[in-house]
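Report on the following structure.
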Number of protein chains: 2
Amino acid sequence: MSRRDGPAATVFIVDDDSDLRDALSGLFRSVDLATTAYASAAEFLSTPRSDGPGCLVLDVRMPGLSGLDFQAQLAGLGIHLPVILMTGHGDIPMSVRAMKAGAVDFLTKPFRDQDMLDAVTAALARDAERRSRDTGLQAMRTAYETLTAREREVFLHVTAGLMNKQIAGLLDLSEITIKIHRGHVMRKMEARSLAELVRMAQALGIAPD
Amino acid sequence: MSRRDGPAATVFIVDDDSDLRDALSGLFRSVDLATTAYASAAEFLSTPRSDGPGCLVLDVRMPGLSGLDFQAQLAGLGIHLPVILMTGHGDIPMSVRAMKAGAVDFLTKPFRDQDMLDAVTAALARDAERRSRDTGLQAMRTAYETLTAREREVFLHVTAGLMNKQIAGLLDLSEITIKIHRGHVMRKMEARSLAELVRMAQALGIAPD
DNA sequence: GACGGAATTATACGGAGGTTTCATTCGGGC
DNA sequence: GCCCGAATGAAACCTCCGTATAATTCCGTC
């Protein structure tokens, strides 16, 4: 509860150079950021870790998986932490590739402490933003899971703007049945108005076309 | 009508090196891309130009405004063309800055023709995507402009999910008046259902909170 | 001063939404 | 065989939405 970036944000450092790991750890601790350091991507992956807010600071050149390769794999592993890359022997194509892949920043060693701190601040802000976007969405997805197949059909057509009788015609059902399903959808999704349901459909990516 | 990127996509080249301008023009014409070249940012800005689809290919080092400075100014000038930067004497911080500012790519001279073509293809795709997003939005904004102040208030509350009588209470009006305004909103916005109106509100950034 | 648009409200009516109650059918699962 | 949830639907009832008609007020323009 020390900074504006929220509770328990952790900077995960992955670098094979123990001196740099220590230096970075000290730097981040000096601004009250929790820090955990690893000597390799493999060590990071094999160590149990809470999925709290944070960001990754990766060295590009490491034995085993390079920082760039590791970055490319993260999404597939379900890890969405923002990434900051650093390198002592980089080139422009490398940095461009990293930025295209979504890196927050790409720093060349030696870098100024303040540049690293700025990058981490930006990364934590991005993570916080993603998390707040995700939080509401997760509850919606969970609620959506509880819908039956029929209810999902009705959900789709209702949020597309069709009237009950039109949906009834499409699905070859009676209007009263649509009303029942529609009521179930509203209750299960915890929507208090059609407008809210439409917004949920948007957030869930349930487009009419 | 020669490529999948739509009608009349133009590559705008801005570089003070006339040899490179000619080479790039030839390259783009070889794949049926319309091309216009300029020797400086100022020349580009002072030349009348249709606002059709396209992208910009900028040299970083130019007399007058540099490619990076020019890129930074584009949004303020209402120009949203995707930017590809190229340089013969760049460094990593420069490329990172450009990518952070939204550049599609950052190429170092000499580059392979195919790399430039790939970058342009990506840039045109990004432009086409932005345009298709913008097209519908522009019509909505125009329609929204025709709404009176009262109608906009009602629009806001309706798409927030409030009932007519609740809106009437908030605005200290009778329910029938809300119904009238609501009808006007639907007609002026050309929305055929409440769901459609809610989606428009989302697209227009008219959030309840 | 006349005209028109915006805003307001009332009455009335028809259509659409939503819930409750009751009832039937169909598949699983114990 | 029995129970349960999902799906279906009919009847009744109430609320909400939407429009048409008509009227009043205010404000700015011609």
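Just so you know, these numbers come straight off a predicted model, no measurement behind them. Every chain is numbered from 1 and lettered A, B, ... according to where its sequence line falls, protein lines coming before strand lines.
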Select base, sugar-phosphate, or nothing to describe what B/L194 touches, counting heavy atoms under 4.0 Å on all strands. nothing

Side-chain N or O of A/T148 closer than 4.0 Å to phosphate OP1/OP2 of D/dA7: yes

Students often get this wrong, so: under 4.0 angstrom with heavy atoms, is B/T177 touching a base, only sugar-phosphate, or nothing? base

Reading DNA chain D from 5' onward, which residue's closest nucleotide shows up sooner: A/K188 or A/K179? A/K188

Taking atom C1' of C/dG17 as reference, at what distance in whole Å does atom NE2 of A/H157 sit? 18 Å

Do other residues, nucleotides or ligands put more than 12 heavy atoms under 6.0 Å from the CD atom of B/Q166? yes

Given D/dA10, C/dA10, C/dG18, the nucleotide with the shortest approach to the side chain of B/I176: C/dA10

From the candidates C/dT9, D/dG18, C/dG18, the one with an atom nearest any side-chain atom of B/N164 is D/dG18

Nucleotide of C/dT9, D/dT8, C/dG17 approaching A/I180 most closely (side-chain heavy atoms): D/dT8

Using atom CZ of A/R150 as one end and atom P of C/dT25 as the other, report the distance to the nearest whole Å. 19 Å

Expressed in angstrom and rounded to an integer, what is the separation of B/E153 atom CD from C/dT8 atom C1'? 14 Å

Between CG of A/L171 and P of D/dT8 the distance, given in whole Å, is 8 Å

Which of these nucleotides, D/dA7, C/dT9, C/dG17, is closest to any side-chain atom of B/L173? C/dT9

Hey, are the side chains of A/M116 and A/V11 touching, using non-hydrogen atoms and a 4.5 Å cut-off? no

Side chain of A/M163 only, heavy atoms from C-beta on: which candidate in C/dA16, C/dA7, C/dG18 is closest? C/dA16

Between C/dT8 and B/H181, is there an OP1 or OP2 to side-chain N/O distance shorter than 4.0 Å? yes

Please work out whether the ring planes of A/F12 and A/F44 are parallel, tilted or perpendicular, with thresholds of 30° and 60°. perpendicular

Rounding to an integer number of Å, can you tell me how far B/I178 CD1 sits from D/dT19 C1'? 16 Å

Within this structure, what is the CD-to-C1' distance between B/E151 and C/dG5, rounded to whole angstrom? 11 Å

More than 12 heavy atoms of other groups within 6.0 Å of B/R133 CZ: yes

Atom-pair distance (NZ on A/K165; P on C/dG15), nearest Å: 8 Å

Send over the distance from A/D172 CG to D/dT8 P, rounded to a whole Å. 10 Å

Sequence neighbours excluded and cut-off under 3.5 Å, please list the side-chain donor-acceptor pairs for residues 51-69 of chain B, or say none.
unit_1 : atom_1 : unit_2 : atom_2 : d
B/D59  : OD1    : B/K109 : NZ     : 3.3
B/D59  : OD2    : B/K109 : NZ     : 3.4
B/S66  : OG     : B/L68  : N      : 3.3
B/S66  : OG     : B/D69  : N      : 3.1
B/S66  : OG     : B/D69  : OD2    : 3.3

